[in-house]
Colleague: 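Sharing a structure with you now.
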Amino acid sequence: MSESPNAARAKVASQLQVNLISPNHLQENAAKLREIGRTFISDTISVPTPEMYTYAVNATLGDDVYSEPTMLALEAHMAKVSGKEAALFMPSGTMSNQIALRTHLKQPPYTILCDHRAHIYKYEAGGSAFHSGAAVTPVIPANGHHLTLPDVQANAILSDDIHIAPTEVISLENTLNGTIFPQEEIIAISKWAHANDVKMHLDGARIWHVAAETGTSLDELCQPFDTVSLCFSKGLGAPIGSCLVGPAAFIKKARWFRKLFGGGMRQTGILAGAAAYALTHNFPKLAQTHALAQTLEAGLKEIGVRITSGAETCMVFYDPSTVGITYDEIADCASELEEPLVLGGSRLVVHIQTTPEAVQDFLSIVRTLAEEKKAAGFVPSADASASAPTDVYLRRVPKTK
Ligand SMILES: Cc1ncc(COP(=O)(O)O)c(C=O)c1O
């Protein structure tokens, strides 16, 4: 006898059933949170807290492709605080930057000018070529810190010579590797760019840190730019999301591209709620993370480690070869601790969930190794010639015990 429709449906239902929540989820997540507090590879690993979730689940239940009230309120808030006409929530910082560039760049040939370390150039999978057909002029800042107007003027292409692709967008990043771009230099570049009909975009994934460190309003920081991408999911600790801000007509077109790119989302109220919680409760914690990064830098300096990029905000880049140590030796010791530390190469990122104990444990590993090397005859040098690796995505995973 053949199976009844009800029995067949029940069979499909039972095949689809799945329970993904571990019976030990409370302990496992508590352990994960401890690991996050001891992980220096990035601030993207910071996690939503129960308080953030509790707030966010009360958001409205609209469909964002039609119109989601909490999301619309977040977008209106972001437009207001950034001093722009409109805002658009994006699933990621990469999509936010790439849609901004795609919306600016209409008719090739054209070039984007940026710092040679820029995320849009190095870490967005070649997206500007793929999505916008754009060439990129990656510029090395003469001062080693940030681009200046002379750097831009020396590298921008304004000619209508048919052999070359003119510069149509200057894309800056603030912070860049944790460093603060001086606002007066941004203003000078912007004035020159606009006088030459070149658009200004800012990858402001971590602009919050500039505001927190300098007390400058978001509005003032965004003012020199036509468009700005802001991320909620890095220093601010929200689970997902970025926001693109700019002129109303631009954002309307960007919303169209977001749909085309497959980024039209549905019940996003909960994401807007998490972002609002992050703005309200996590932004005020950033000053604390900067202080912790400064403790890290001061401790390393005291041991004799060379700082290749100091703690202007939440990141420190270091070179331990001055005391005879390699990154691998530090990472090996870190992974052998009872509660391991998770480290990348030369980059240390402090975030709102980093614990002061993790910083002290890290410093004590470096101190002990430096003392061992000295005892074994290494002569510490103030200017070791070995240069620090710059690949920020180099990651060491702790050995499993
Ligand atoms: C400066 C900067 N811009 C953009 C992004 C891209 O953000 P997402 O990972 O959300 O795509 C990142 C990611 O870490 C970043 O550091």
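Start at 1 and go down the list; that is how both ligands and their atoms are numbered.
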Colleague: Report, as yes or no, whether the 6.0 Å neighbourhood of atom CZ on Phe130 holds more than 12 heavy atoms from other residues, nucleotides or ligands.
Modeller: no

Colleague: So, do Glu339 and Asp361 sit near enough that their side-chain heavy atoms are less than 4.5 Å apart?
Modeller: no

Colleague: Could you tell me whether Arg255 and Glu75 make a salt bridge, using a distance below 4.0 angstrom between a side-chain N and a carboxylate O?
Modeller: yes

Colleague: Examine the proximity of ligand 1 to Ser92 and report which part, side chain or backbone, both or neither, has a heavy atom under 4.0 Å away.
Modeller: both

Colleague: Take the angle between the ring planes of His146 and Phe181 and call it parallel below 30°, perpendicular above 60°, tilted in between.
Modeller: tilted

Colleague: Report, in ascending order of atom number, the atoms of ligand 1 lying under 4.0 Å from any heavy atom of Asn97.
Modeller: 4 (C)

Colleague: Could you tell me, atom by atom, which parts of ligand 1 come under 4.0 Å of a heavy atom of Arg206?
Modeller: 1 (C), 14 (O), 15 (C), 16 (O)

Colleague: Below 3.5 angstrom, do we get any N/O pair linking Lys234 and ligand 1?
Modeller: yes

Colleague: Flag yes if more than 12 heavy atoms outside Gln107 fall under 6.0 Å of its CD atom; otherwise flag no.
Modeller: no

Colleague: Where on Glu173 is there a heavy atom closer than 4.0 Å to ligand 1, on the side chain, on the backbone, on both, or on neither?
Modeller: side chain

Colleague: State, to 0.1 Å, how close Pro284 and Leu279 come at their nearest heavy-atom pair, and which atoms those are.
Modeller: CD-O, 4.1 Å

Colleague: May I ask you to decide whether Lys32 forms a salt bridge with Glu28, counting only side-chain N to carboxylate O separations under 4.0 Å?
Modeller: no

Colleague: Is ligand 1 under 4.0 Å from a heavy atom in the side chain of Asp203, in the backbone, in both, or in neither?
Modeller: side chain

Colleague: Using non-hydrogen atoms of the residue, decide whether Glu124 is closer than 4.0 angstrom to ligand 1.
Modeller: yes

Colleague: Tell me whether Gly93 has any N or O atom under 3.5 angstrom from an N or O of ligand 1.
Modeller: yes

Colleague: Check each atom of ligand 1 against the heavy atoms of Ala205 and keep those under 4.0 Å away; list them by number with element.
Modeller: 1 (C), 2 (C), 3 (N)

